[in-house]
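For reference, the structure discussed in these notes is given below.
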Amino acid sequence: MSASTTQPGILTSARYGKDKIRVFRIVRNGPIHDVVEYNVQVLLEGDIATSYTQGDNSVVVATDSMKNITYYLAKTSPHILTPEHFALHLATHVLATYAHIRKAYVSIEKLRWSRIPVGLEGQEALHPHSFVRDGEEKRFVNAEVDKKSDGSLEGKVTAGLTDLLVLKSTGSAFTGFIQDTYTTLTEVSDRILSTSVDFSYTYKHPIPIAFPTDERRLAFDTPGEVRHADEIARRARKATLDLFALDESESVQAILFKMAQQVIADNDDVETATYTLPNKHYIPVDMRYIGVDNLTPSKAEVFMPVSAPSGLISATISRK
Ligand SMILES: O=c1[nH]c(=O)c2[nH]c(=O)[nH]c2[nH]1
């Protein structure tokens, strides 16, 4: 019996690549520098089955080469400062270079480096080449580029942010929920609301992508659909923070829906918005044992932050 007839399984999907490629890039504009720090993941699909089934490495682009391509483009791409554009450029470059690779997935996590404000308090100027990591929040992009059977390229882009930690000390209530044998939570008209925002939005797709024309694959033209990626990222973050601060919230569910509506209203190229919001509970400490009122909402001042369990509220809002 041949080996293949004795094998009980068949390969139904295969994807591989390099993860956690750490890249830092300086773009110098005279004395003014821009910097980005990315964690990049590149994964490929295509005619690669025999590398799994027959040990045939002739179809394998080494993951080490994917790392090298990432650094080469980090050096040469005019799109390096915008993660959406760089992700599409990198994916397109790989598809244009290797005929048998049909799909490229590039994910980028952008770490926060913000200019340090220097000078007298209230009159600070942003420093041209000194930066501070102001928070663990990350902007991210997932780009997929597909080679169609006619050789043309189409993209799909999801972008967003993670780990944006926010808290408001009033302006949040939670009342009217189901009361039954399992209910111990009391209704509150005033509570702390805190969450770590995970938020993603999809661009309208498919996004047609022009094949690069030059030999070194540098003639990449950012598709119009994502041309305003930085502005969209900025507006989406601002809508999220504004609504969080300003809304008189009935629940995490209700504030989430308003944030997503705002993002869709503000950005014509955004098709869906998905938020995942943990409800990070802060419990007022019961001090009745010592005759101190810390439970009446207006007197609740000392809280116990509870890291687990937390609520977890998620929804996707799609353009009508
Ligand atoms: O905003 C909230 N939504 C809930 O679904 C919920 N459940 C809960 O116990 N507290 C809260 N808060």
Side-chain angles (χ1 to χ4, degrees), residues 112 134-140 142 158-202 232-267 270-290 292-320:
R112 269 181 91 78
D134 58 340
E136 284 315 303
E137 174 196 345
K138 289 160 211 82
R139 178 170 160 190
F140 74 87
N142 295 321
T158 302
L161 54 83
T162 58
D163 302 320
L164 173 62
L165 186 58
V166 287
L167 178 147
K168 64 196 290 180
S169 54
T170 188
S172 167
F174 188 58
T175 60
F177 48 89
I178 293 170
Q179 299 286 339
D180 61 14
T181 27
Y182 300 109
T183 312
T184 58
L185 188 70
T186 45
E187 302 196 2
V188 277
S189 56
D190 186 6
R191 65 173 180 174
I192 288 177
L193 181 59
S194 177
T195 188
S196 173
V197 178
D198 277 6
F199 162 47
S200 69
Y201 46 92
T202 55
I232 292 173
R234 206 163 33 242
R235 277 198 295 265
R237 182 176 189 274
K238 179 157 173 47
T240 301
L241 288 175
D242 278 2
L243 267 154
F244 182 81
L246 298 172
D247 187 53
E248 288 293 323
S249 155
E250 293 108 341
S251 65
V252 177
Q253 287 88 333
I255 204 170
L256 180 160
F257 187 70
K258 289 178 197 171
M259 289 172 176
Q261 290 288 11
Q262 192 65 47
V263 170
I264 289 179
D266 288 349
N267 301 288
V270 168
E271 195 63 17
T272 68
T274 299
Y275 281 87
T276 301
L277 303 178
N279 189 3
K280 295 175 159 289
H281 303 301
Y282 285 70
I283 315 285
V285 176
D286 187 348
M287 299 184 182
R288 284 177 299 184
Y289 74 95
I290 202 162
V292 172
D293 181 4
N294 190 60
L295 295 183
T296 307
S298 60
K299 301 237 169 83
E301 293 163 325
V302 177
F303 296 81
M304 182 173 60
V306 177
S307 51
S310 68
L312 188 61
I313 317 293
S314 175
T316 297
I317 285 74
S318 304
R319 186 178 292 283
K320 275 196 227 162

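All values reported here derive from a predicted model rather than from experimental measurement. Indexing begins at 1, ligand by ligand and atom by atom, following the structure's order.
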So which protein heavy atom does atom 9 (O) of ligand 1 come closest to, and at what separation? L185 CD2, 3.4 Å
Indicate yes or no: at least one non-hydrogen side-chain atom of F303 is less than 4.5 angstrom from one of I192. yes
Heavy-atom closest pair, residues D293 and K299: O-CB, 3.5 Å
Minimal heavy-atom distance between I313 and L256, with the atoms involved, is O-CD1, 3.7 Å
Is there side-chain contact between T195 and P278, with at least one heavy-atom pair below 4.5 Å? yes
The closest protein heavy-atom partner of atom 8 (C) of ligand 1 is F174 CE2, 3.7 Å
Where ligand 1 meets S251 - atom numbers and elements under 4.0 angstrom, heavy-atom basis: 1 (O)
Go through ligand 1 atom by atom and flag the ones less than 4.0 Å from a non-hydrogen atom of N279. 2 (C), 10 (N), 11 (C), 12 (N)
With a 3.5 Å cut-off and no angle check, do the side chains of N142 and T158 form a donor-acceptor pair? no
Closest to atom 12 (N) of ligand 1 by heavy-atom distance, out of Q253, R191, E250, is R191
